[in-house]
*Asks:* 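Sharing a structure, written as structure tokens. Questions coming.
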Amino acid sequence: WRNLAEFHNRLIARVRRDGICTVPPTGPVILACNHTCSIDPLLLVSTSPNRYPSFMIAREYARIPLVSRLVRMIQCIPVNRTGIDIASVKAALRHLADGRMLGIFPQGRIRRPDEPIEVQEGVGLLALRSGATVIPAHVSGTHYSDSVVWPFFRPQRAVVRYGPPVDLSPWSGRGKDRTAYREATQHIMERINALAPAAT
């Protein structure tokens, strides 16, 4: 998985990390990132030197023959896009309880650059219920495409930035409060957006 990511990113995406990777070396971690195009998971894998994340992935992608093999190999968790997928939430919580790292794109699907972002509350739910460390990350320099496949072959100038752990203490003890999920998710998304180039 890491070799595949590094090969692709050196040859095509030409990704670089701006600053240090703040992912802790041990313990449960949620890596929360904006979603620019289909190569984002590869960009995060190749810029996180100490650990590699599994990802929450749309169920329809997990059914693609070649992709499904990779999904199983790196222990990704298929999830339905609509509503809260209880089975996927439980699988994600087990993944984190085992001390692993899980990559999540809170905005859900890839959106056009001019399209308003509507974040999903799942990342807040998982963060509050698991107690995992939440690390924000931001990807820039990629090209939007309606195609899932085309970004893998189009040259990019990707930049990944990692931020400090997100402080979710204001929502501590509210692991079953849906309002807290929404508020925590919005806070996480704000920390992601703060890493954008215009904000630095």
Side-chain angles (χ1 to χ4, degrees), residues 1-57 70 74 76 96 100-120 122-124 126-127 132-145 147-168 184-200:
W1 176 221
R2 185 180 297 280
N3 290 339
L4 172 65
E6 291 184 353
F7 173 79
H8 173 268
N9 291 335
R10 288 179 182 177
L11 183 67
I12 299 175
R14 291 171 289 181
V15 64
R16 67 178 178 87
R17 188 180 69 230
D18 184 4
I20 65 170
C21 177
T22 56
V23 173
T26 60
V29 172
I30 294 174
L31 181 58
C33 186
N34 64 316
H35 207 2
T36 65
C37 69
S38 55
I39 65 169
D40 290 338
L42 296 180
L43 302 179
L44 294 174
V45 167
S46 64
T47 56
S48 176
N50 297 323
R51 302 173 70 179
Y52 71 84
S54 303
F55 291 90
M56 303 286 284
I57 182 172
L70 181 61
I74 62 177
C76 286
L96 294 167
R100 298 172 182 169
M101 180 159 71
L102 185 63
I104 300 178
F105 302 105
Q107 68 192 67
R109 64 180 175 85
I110 300 167
R111 299 176 187 272
R112 298 189 310 272
D114 60 344
E115 186 179 0
I117 293 175
E118 298 178 4
V119 296
Q120 309 296 315
V123 66
L126 292 175
T133 299
V134 179
I135 298 295
H138 188 277
V139 173
S140 59
T142 55
H143 301 288
Y144 169 79
S145 174
S147 169
V148 173
V149 176
W150 178 235
F152 286 88
F153 302 97
R154 181 177 182 179
Q156 314 272 356
R157 289 286 185 182
V159 178
V160 180
R161 296 173 179 85
Y162 292 86
V166 179
D167 179 12
L168 296 178
T185 295
Q186 187 60 45
H187 182 62
I188 291 167
M189 201 67 213
E190 289 171 359
R191 303 318 306 157
I192 292 171
N193 291 334
L195 297 170
T200 59

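The figures here come from the full heavy-atom set of this structure, side chains too, leaving out hydrogens, waters and symmetry mates. Quantities reported herein were computed from a predicted structural model and do not represent experimental measurements.
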*Asks:* Return the minimal non-hydrogen interatomic distance between L31 and A137, and the atom names on each side.
*Replies:* CD1-CB, 4.0 Å
*Asks:* Quick check: does any side chain N or O of R161 sit under 3.5 Å from a backbone N or O of G19, one acting as donor and the other as acceptor?
*Replies:* no
*Asks:* Please walk me through it: do R16 and D18 pass side chain to side chain contact (heavy atoms under 4.5 Å, CB included)?
*Replies:* CA-CA 6 Å; R16 67 178 178 87; D18 184 4; 4.0 Å; yes
*Asks:* Can you name the side chain to side chain contact (heavy atoms under 4.5 Å, CB included) partners of A184, sequence neighbours left out?
*Replies:* L128, L168, W171
*Asks:* Take I135 and V29 through the side chain to side chain contact (heavy atoms under 4.5 Å, CB included) test and state the conclusion after the steps.
*Replies:* CA-CA 7 Å; I135 298 295; V29 172; 4.1 Å; yes
*Asks:* To the nearest 0.5 Å, what is the distance between CG on N193 and CD on Q186?
*Replies:* 8.5 Å
*Asks:* How close do V166 and H187 get, counting heavy atoms only, and between which atoms?
*Replies:* CG1-CD2, 3.4 Å
*Asks:* Hey, what do you get for CG (L44) to CD1 (I39), rounding to the nearest 0.5 Å?
*Replies:* 10.0 Å
*Asks:* Can you see which heavy atom on A132 is nearest to which on I30, and at what distance?
*Replies:* CB-CG1, 4.0 Å
*Asks:* Using atom types as modelled and distance alone, determine if a side-chain donor or acceptor of S46 lies under 3.5 Å from a backbone N or O of L42.
*Replies:* yes
*Asks:* Start with the C-alpha distance between V139 and C33, add both sets of side-chain angles, then the distance that settles side chain to side chain contact (heavy atoms under 4.5 Å, CB included), and finish with yes or no.
*Replies:* CA-CA 7 Å; V139 173; C33 186; 3.6 Å; yes
*Asks:* What distance separates L126 CG from M56 CE, expressed to the nearest 0.5 Å?
*Replies:* 5.5 Å
*Asks:* Among all residues two or more places apart in sequence or in another chain, which pass the side-chain hydrogen bond (donor to acceptor under 3.5 Å, both in side chains) test with T142?
*Replies:* T36
*Asks:* Work out which heavy atom in L96 is nearest to a heavy atom in P28; give both atom names and the distance.
*Replies:* O-CB, 3.1 Å
*Asks:* Can you give me the closest heavy-atom contact between N34 and H138, atom names plus distance?
*Replies:* OD1-CA, 3.2 Å
*Asks:* Heavy atoms, side chains only, cut-off 4.5 Å: are L195 and P136 in contact?
*Replies:* yes
*Asks:* Which atoms form the tightest heavy-atom contact between V23 and R51, and what is the distance?
*Replies:* CG1-CD, 4.2 Å
*Asks:* Pair V45, F55 - check side chain to side chain contact (heavy atoms under 4.5 Å, CB included), show working.
*Replies:* CA-CA 10 Å; V45 167; F55 291 90; 4.1 Å; yes
*Asks:* Distance alone, cut at 3.5 Å: any donor-acceptor contact between the side chains of S48 and Y162?
*Replies:* no
*Asks:* Under the side chain to side chain contact (heavy atoms under 4.5 Å, CB included) test, which residues partner R100, sequence neighbours left out?
*Replies:* Q75, H95, D98
